[in-house]
Structure formats: C-alpha cells, structure tokens
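Starting from 1, each residue takes its place in the sequence as its number.
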Amino acid sequence: MTRENLLSTLAAAAVELGYTASFSTDLVASVKSGGLPLLWVEPLRVVALQGSRDCHITYRVTAKLLIRNDRMAQPTENIRTVLESDAIALFRRVGSAAAVEAVENFVCTPCNTPLTPMADAALKIEFDAKMFYCV
C-alpha cells in the first residue's frame with residue numbers, strides 16, 4: 001500500500017505543477033500519449049527498511065521532468081531554472097504529504113541532450129521518501 005500511496009502522491013504533485021505523471025517504462029510512448037510537460041517516474045527502489053512493529057520503508061525516487069524546449073524563445077539556462085524550480089516544488093509537495101514521513105537526499109541533474117524526438121529539455125531528479133507502514 002505504501003508504494004501506491006507514494007505513486008499517487010507523486011502524480012498529484014505533478015498535476016499541481018502542471019505536469020502529466022507517467023509510470024510507464026517507455027519514455028517516448030509516455031510523451032506521445034501524455035505530451036509535455038511530463039513527470040516520468042522510473043520504478044521505485046526500496047533502499048532501507050527499519051523496525052519490526054512500527055516500520056519505515058524508504059523508497060528511492062528517480063524521475064525526469066520534461067518540458068518543451070524552444071531554444072529560440074528561451075535560453076537553455078532559463079529552461080533549466082524552470083525545471084529546477086519545479087523539481088524543488090515537487091520534492092516539497094511530496095514531503096508534505098500525510099503518508100510520507102520524510103524526504104531527503106535530493107539531487108537534480110540537467111540532461112544535456114533531449115531524451116525524446118519531441119524537442120524536450122529534461123532534468124533528472126532523485127530523492128529518498130521515507131514512509132510509515134505497519135506489519
């Protein structure tokens with residue numbers, strides 16, 4: 001259940017920021033069906049498990065934020081600033097969700113080349129989401 005809670009939290013945060021969320025394994029198909037801007041979330045990884053009764057599970061979230069890249073209208077640094085701002089807002093929204101105890105280890109890295117043939121600009125984001133769960 002905690003995995004589903006985290007995925008729905010990510011989807012809701014994406015929508016609040018104006019992105020479509022995708023959990024598909026095919027990025028290009030996700031862009032074709034959902035368009036841009038897009039939050040593409042890779043499969044969650046369990047990176048820590050604590051406790052025997054009151055348990056905590058920590059998932060590593062790896063995702064990419066993609067927006068349309070019109071280099072003629074905006075310089076690359078402006079686009080990266082928008083992506084970084086959106087990544088930080090996503091991180092904060094996930095951290096404030098009721099099902100999430102804490103978010104930590106936030107890293108964002110600009111992607112230097114488009115990830116799809118759709119003329120995108122992308123930013124890779126990674127963070128840990130610590131969740132409560134009961135056995």
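Using a 4.5 Å cut-off on side-chain heavy atoms (C-beta onward), E126 and N105 make no contact. Side-chain contact between D120 and L38 is absent, with no heavy atoms from C-beta onward closer than 4.5 Å. Contact annotation: the side chain of K32 never approaches that of T116 to less than 4.5 Å [non-hydrogen atoms, C-beta and beyond]. Taking 4.5 Å as the limit, some side-chain heavy atom of H56 sits within range of a side-chain heavy atom of F132.
The minimum heavy-atom distance linking V103 with G95 is given by the pair CG2-CA, 3.6 Å. Residues C55 and G51 share a closest heavy-atom pair of SG-O, 3.5 Å. Shortest non-hydrogen contact noted between A29 and D26 is N-OD1, 3.2 Å. Shown here for A99 and N5, the closest heavy-atom pair between the two residues is CB-CB, 4.0 Å. Of all non-hydrogen atoms in G18 and P37, the two that sit nearest each other are O-CG, 3.2 Å.
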Taking it one step at a time, do V47 and Y59 satisfy side-chain contact (heavy atoms from CB on, under 4.5 Å)? CA-CA 6 Å; V47 294; Y59 291 102; over 6 Å; no
Derivation of the side-chain contact (heavy atoms from CB on, under 4.5 Å) call for V82 and D86: CA-CA 6 Å; V82 168; D86 288 348; 3.9 Å; yes
Given F127 and V94, is the side-chain contact (heavy atoms from CB on, under 4.5 Å) satisfied, shown in steps? CA-CA 10 Å; F127 60 88; V94 171; 4.0 Å; yes
Start with the C-alpha gap between V31 and W40, add the side-chain angles, then the distance that decides, and say whether side-chain contact (heavy atoms from CB on, under 4.5 Å) holds. CA-CA 9 Å; V31 171; W40 183 62; over 6 Å; no
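A distance of 6.0 Å separates CE in M131 from OG1 in T9, rounded to the nearest 0.5 Å. Atom CG of L39 is separated from atom NZ of K64 by 11.0 Å, given to the nearest 0.5 angstrom. Annotation: the span from I67 atom CD1 to L36 atom CG amounts to 8.5 Å, rounded to 0.5 Å. Separating the NZ atom in K130 from the OG1 atom in T58 is a distance of 6.0 Å, to the nearest 0.5 Å. Going from atom CD1 of I79 over to atom CZ of R68 covers 11.5 Å, rounded to the nearest 0.5 Å. Taken to the nearest 0.5 Å, the CZ atom of R80 stands 9.0 Å off from the CG atom of L123.
In this structure, L115 is not a member of the same hydrophobic cluster as V28, with clusters built from ILVMFWY side-chain heavy atoms closer than 4.5 Å. Cluster membership check: M118 does not share its hydrophobic cluster with L83, using side-chain heavy-atom separations under 4.5 Å among Ile, Leu, Val, Met, Phe, Trp and Tyr. F91 and L66 end up in different hydrophobic clusters when Ile, Leu, Val, Met, Phe, Trp and Tyr side chains are linked at under 4.5 Å. Both V41 and L17 sit in one connected hydrophobic cluster of ILVMFWY residues. Membership requires side-chain heavy atoms under 4.5 Å apart, directly or through other members. Residues V100 and L49 fall within the same hydrophobic cluster, defined by Ile, Leu, Val, Met, Phe, Trp and Tyr side chains chained together at heavy-atom separations under 4.5 Å.
For S85 (side chain) and T81 (main-chain N/O), no donor-acceptor pair under 3.5 Å exists by modelled atom type.
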